[in-house]
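The structure appears below as structure tokens.
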Amino acid sequence: MASGNQSGFFDEPDENDLCVFERRLWRAGHTHVAGLDEVGRGPLAGPVVAAAVVLPEGCLLPGVTDSKKLSSAQRRALLPSIFAHAMSVSVAFEPVAVIDQVNILRASQRAMLAAVAQMPAAPTFLLVDGNQKLSTTLPQQTIVKGDRRSLSIAAASIVAKEFRDALMLAMHRRYPQYGFDTNAGYGTARHLAALAQHGPCPLHRRTFSPIREMVR
């Protein structure tokens, strides 16, 4: 089976149907369709986290949508349903050192590939959020705003977001001055003020501005 985007197969999707991509693949015989999403490309601190979710054919998950459209309480309430119904859920992350070494895009892609590699059964097809293909022989389809258009990607976005928020909450206990419990590493006014006062900690991305200017 060829790798890369499957031209024509996904033409004119119904954007009101969160299962349209999965349903076409199920009908084509793909039994393990993995939705992939990442969280944490934009923050000044912390890892980038990716999740992969394989849903069974015909699965419906009421309430599951783009994690950015949901409150923390809504995401937490949906997690048990995702884990209960999914055939497989996998999470992987790349730390700050890797982000600074290879850049955030490559680190995000590495986290996605690691999430896939950790699955107990290899997916037969990948639905990848965004427009960047992954370096893999598995067949795949990139979907811009996939977390709003694919149920499995939406589920992955919720899993990744909750996992990363939990990591940043744990890091807040170690570095409380930066407010990671509320900003998750993003460059809020409070976070920037703390950086100006205390300088960066080991969780800060040295290649991101304004940290880059602080460590020259």
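Residue numbers start at 1 and run along the sequence shown.
- The distance from atom NE2 of H32 to atom OG of S88, rounded to the nearest 0.5 Å, is 7.5 Å.
- Across C19 and L60, no two heavy atoms sit closer than the pair SG-CD2, 4.4 Å.
- Under the 4.5 Å side-chain heavy-atom criterion for grouping Ile, Leu, Val, Met, Phe, Trp and Tyr, L203 is connected to L44 within one hydrophobic cluster.
- Separation of the H172 and F180 ring centroids does not fall under the 6.0 Å cut-off.
- Ring pair H204/H191: centre-to-centre distance below 6.0 Å.
- A 4.5 Å side-chain heavy-atom check between Q141 and V128 finds every atom pair outside the cut-off.
- A distance-only check finds no donor-acceptor pair linking the side chain of R110 to the backbone of E94 [under 3.5 Å].
- Side-chain atoms of Q118 come within 3.5 Å of backbone N or O of V91 as a donor-acceptor pair.
- A donor-acceptor contact closer than 3.5 angstrom links the side chains of E213 and S209.
- By the 6.0 Å contact criterion, NZ on K68 is enclosed, its count of non-hydrogen atoms from other residues, nucleotides or ligands being greater than 12.
- Here CZ of R149 is found 9.0 Å from CD1 of I153. Values are rounded to the nearest 0.5 Å.
- Put simply, I211 and V96 are part of two different groups of oily side chains (I, L, V, M, F, W, Y) that touch within less than 4.5 Å, one to the next.
- Judged by distance alone, the side chain of S81 and the main-chain N or O of L78 form no donor-acceptor pair under 3.5 Å.
- Using a 4.5 Å heavy-atom threshold, the side chains of V159 and F83 count as touching.
- Heavy atoms only, all atoms of each residue included: S108 and R41 are closest at OG-CG, 3.2 Å.
- In this structure, CD1 in I104 is found 4.0 Å from CD1 in I99, a value given to the nearest 0.5 Å.
- What you find for S90 and A115 is that their closest heavy atoms are OG-O, 2.7 Å.
- For the pair M87 and T31, the minimum side-chain heavy-atom distance is 4.5 Å or more.
- Here the SG atom belonging to C201 is positioned 9.5 Å from the CE atom belonging to M171, to the nearest 0.5 angstrom.
- Counting non-hydrogen atoms of neighbouring residues, nucleotides and ligands closer than 6.0 angstrom, the CZ atom of R106 reaches no more than 12 such neighbours.
- Residue A160 comes nearest to V49 through the heavy atom pair O-CG1, 3.8 Å, listed as atom of the first residue, atom of the second, then distance.
- Looking at heavy atoms from C-beta onward, C59 lies out of side-chain contact with E22 at the 4.5 angstrom threshold.
- The shortest distance between side-chain heavy atoms of F21 and I143 falls below 4.5 Å.
- Of all non-hydrogen atoms in A50 and M112, the two that sit nearest each other are CB-N, 3.5 Å.
- At a threshold of 4.5 Å between side-chain heavy atoms, the hydrophobic network of Ile, Leu, Val, Met, Phe, Trp and Tyr places Y178 and Y186 in two separate groups.
- Between the side chains of D100 and T207, at least one donor-acceptor pair of N or O atoms lies under 3.5 Å.
- Taking the side chain as every heavy atom from C-beta outward, D181 and M168 never approach each other to under 4.5 Å.
- L55 CG to L127 CG: the interatomic distance, rounded to the nearest 0.5 Å, is 10.0 Å.
- Going from atom CZ of R76 over to atom NZ of K161 covers 11.5 Å, rounded to the nearest 0.5 Å.
- With salt bridges taken as basic N to acidic carboxylate O contacts below 4.0 Å, none links D129 and K145.
- L36 and L105 are not part of a single hydrophobic cluster, where members link through side-chain heavy atoms under 4.5 Å apart.
- By the 4.5 Å heavy-atom criterion applied to side chains, P202 and Y175 are counted as neighbours.
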- Item | From CA spacing to verdict: side-chain contact (heavy atoms from CB on, under 4.5 Å), V39, V48 | CA-CA 6 Å; V39 174; V48 61; over 6 Å; no

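- Taking both residues in full, the closest heavy atoms of S157 and S67 are given as OG-N, 3.2 Å, listed atom of the first, atom of the second, then distance.
- Side-chain contact annotation: S71 with R75, donor-acceptor N/O pair under 3.5 Å absent.
- Contact check for K69 versus R148: side-chain heavy atoms found under the 4.5 Å cut-off.
- In this structure, M119 is not a member of the same hydrophobic cluster as L113, with clusters built from ILVMFWY side-chain heavy atoms closer than 4.5 Å.
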